[in-house]
Protein chains: 2
Amino acid sequence: MKREYNGTSALQKKGHFITTQRRLLLDLLYEAEGHIDAKELYRRAIEKDASISQATVYRSLSLFKELGLIDEMRLGGVQCYYEIKQGIDHQHLICQGCGKIIEIDIPHFQESINKIQKDHCFKVTKVELYMHGYCTDCGNKS
Amino acid sequence: MKREYNGTSALQKKGHFITTQRRLLLDLLYEAEGHIDAKELYRRAIEKDASISQATVYRSLSLFKELGLIDEMRLGGVQCYYEIKQGIDHQHLICQGCGKIIEIDIPHFQESINKIQKDHCFKVTKVELYMHGYCTDCGNKS
DNA sequence: TTAAGTGCAAAGGCTTTGCAGCATA
DNA sequence: TATGCTGCAAAGCCTTTGCACTTAA
């Protein structure tokens with residue numbers, strides 16, 4: 001699996017061990033194909049390895065984040081959500097009705113960011129844009 | 001104080017009591033002139049009213065948020081930050097070096113939001129844009 | 001007067017951490 | 001073999017909640 005290889009090689013490059021737990025968690029993050037929180041990741045992990053601990057899940061997420069393999073985001077609740085870092089940045093529409101998360105690309109968004117960086121002498125490393133509201137289905141209901 | 005009046009009248013309109021605690025907390029939120037978290041708000045509150053409880057702080061913040069008096073945001077840490085809702089929306093630059101938060105206005109941002117709403121049939125009620133990175137000072141250091 | 005609000009303390013949910021044993025390189 | 005990693009359990013934070021007392025209207 002090409003994708004898994006990317007993750008594990010990033011671990012190796014920085015001198016981290018490739019453990020069965022980390023390999024499993026990376027696989028699950030790729031399979032998730034989107035946003036997943038630590039609790040759900042742990043739930044899926046113990047299905048494949050009953051002995052894995054929550055501590056390992058949190059420690060791995062923290063490491064993956066540090067290595068830039070995943071993005072962390074807060075979508076309104078208490079907990080964080082994670083997803084494999086994508087080549088192209090995308091932003092989020094969060095439905096307050098059904099909780100659905102819609103990923104969107106915003107045309108020319110990068111240009112706006114570049115302008116902001118210039119105007120404020122600020123070097124942007126990460127952008128998070130969350131738009132809360134109501135999706136088509138939930139909007140029609142009310 | 002005109003500003004305080006706004007807050008308390010919003011309470012009254014919806015049939016909520018104006019208590020000394022709520023008045024104090026609204027005052028402190030206005031005085032903060034920016035982002036403040038529940039813990040800091042509580043710290044400032046007990047300086048003026050030693051008997052106020054954390055529960056009241058959290059319950060009041062929750063009420064103010066529901067009434068649309070304040071905005072809640074997550075700036076990277078575990079806890080939430082709050083600020084009096086401003087007439088004009090502004091967005092945030094968050095410095096990863098010194099933790100400074102810079103509020104910015106983005107020209108024509110509302111137009112972009114409108115387009116997104118239209119394109120995705122999504123009714124946006126709240127927009128959060130966080131740009132993490134390094135401010136002028138911290139950018140120069142590295 | 002009376003429903004709403006408060007303080008207190010305990011509990012809840014998510015995340016982190018210390019430590020002894022285990023596994024990768 | 002020697003670090004680094006893991007599992008376990010406990011602790012840490014932030015936030016919420018139950019209950020009896022208090023207070024605004």
Side-chain angles (χ1 to χ4, degrees), chain A residues 4 7-28 35-67 69-70 72-82 99, chain B residues 4-5 7-28 35-67 69-70 72-82:
Chain A
E4 186 211 43
T8 52
S9 70
L11 285 174
Q12 281 184 312
K13 262 185 209 160
K14 293 283 178 74
H16 298 282
F17 290 1
I18 297 172
T19 65
T20 54
Q21 291 90 340
R22 286 174 182 170
R23 206 189 295 267
L24 168 60
L25 292 169
L26 277 172
D27 278 353
L28 290 172
H35 322 81
I36 185 171
D37 63 9
K39 198 175 162 189
E40 175 62 17
L41 182 59
Y42 173 61
R43 206 190 59 69
R44 296 187 192 178
I46 51 175
E47 281 179 8
K48 305 214 173 182
D49 171 2
S51 73
I52 200 170
S53 71
Q54 290 207 52
T56 296
V57 171
Y58 280 105
R59 280 191 281 233
S60 298
L61 284 171
S62 174
L63 177 64
F64 297 163
K65 188 173 65 169
E66 187 191 316
L67 292 174
L69 296 176
I70 58 174
E72 178 187 69
M73 65 208 74
R74 303 167 174 280
L75 300 175
V78 182
Q79 78 279 41
C80 291
Y81 287 83
Y82 301 87
Chain B
E4 186 210 43
Y5 176 79
T8 52
S9 70
L11 284 173
Q12 281 183 314
K13 260 186 212 162
K14 293 283 178 73
H16 297 282
F17 291 0
I18 297 173
T19 64
T20 53
Q21 292 89 341
R22 286 174 181 169
R23 207 189 293 267
L24 168 60
L25 292 170
L26 277 171
D27 278 354
L28 290 172
H35 321 80
I36 184 171
D37 64 8
K39 196 175 161 189
E40 175 62 17
L41 181 59
Y42 173 62
R43 204 191 59 67
R44 295 187 193 178
I46 50 175
E47 282 179 8
K48 304 214 174 181
D49 171 2
S51 73
I52 200 168
S53 71
Q54 290 207 53
T56 295
V57 172
Y58 280 105
R59 282 191 279 233
S60 298
L61 285 171
S62 174
L63 176 64
F64 298 162
K65 189 174 65 172
E66 188 192 316
L67 292 175
L69 296 175
I70 58 173
E72 178 188 70
M73 64 209 74
R74 305 167 174 281
L75 299 174
V78 181
Q79 77 280 41
C80 291
Y81 287 82
Y82 302 87

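Throughout, a chain's letter reflects where its sequence line sits, starting with A, and its residues are numbered from 1. The structure displayed is predicted, hence computed values, not measured ones.
Between the P atom of D:dT17 and the CG atom of B:Leu63 lies a distance of 15 Å, rounded to the nearest Å. The distance between atom CG of A:Leu61 and atom P of D:dC5, rounded to the nearest whole Å, is 15 Å. Note: CD1 (B:Ile52) to P (C:dG5) measures 14 Å, nearest angstrom. Straight-line distance from the CD1 atom of B:Ile18 to the P atom of D:dA25: 6 Å, rounded to whole Å. Atom pair B:Tyr42:OH and D:dC13:P shows a separation of 16 Å (rounding to whole Å applied). In this entry the distance linking CD of B:Glu72 with P of D:dT15 reads 8 Å, nearest Å.
Backbone-only contact: B:Ser51 has heavy atoms under 4.0 Å from sugar-phosphate atoms and none from a base. When heavy atoms are screened at a 4.0 angstrom cut-off, B:Gln54 is found touching base atoms of the nucleic acid. The residue B:Arg22 sits close only to the backbone: its heavy atoms come under 4.0 Å of sugar-phosphate atoms, none of a base.
For B:Tyr58, whose side chain is taken as the heavy atoms from C-beta onward, the closest listed nucleotide among C:dT17, C:dC14, D:dT16 is D:dT16.
Under the 3.5 Å distance criterion, the side-chain polar atoms of B:Arg22 are matched with a main-chain donor or acceptor of B:Phe17.
The side-chain contact (heavy atoms from CB on, under 4.5 Å) with B:Leu69 is formed by just one residue from the set B:Thr8, B:Leu61, B:Leu26, B:Leu63; it is B:Leu26.
Applying the 4.0 Å criterion to OP1 and OP2 of D:dC5, one finds that A:His16 has a side-chain N or O inside that range.
No donor-acceptor contact under 3.5 Å links the side chain of A:Arg59 to the base of D:dG4.
DNA chain C is contacted by both A:Lys39 and A:Phe17; A:Lys39 maps to the nucleotide lying nearer its 5′ end (nearest heavy atom per residue).
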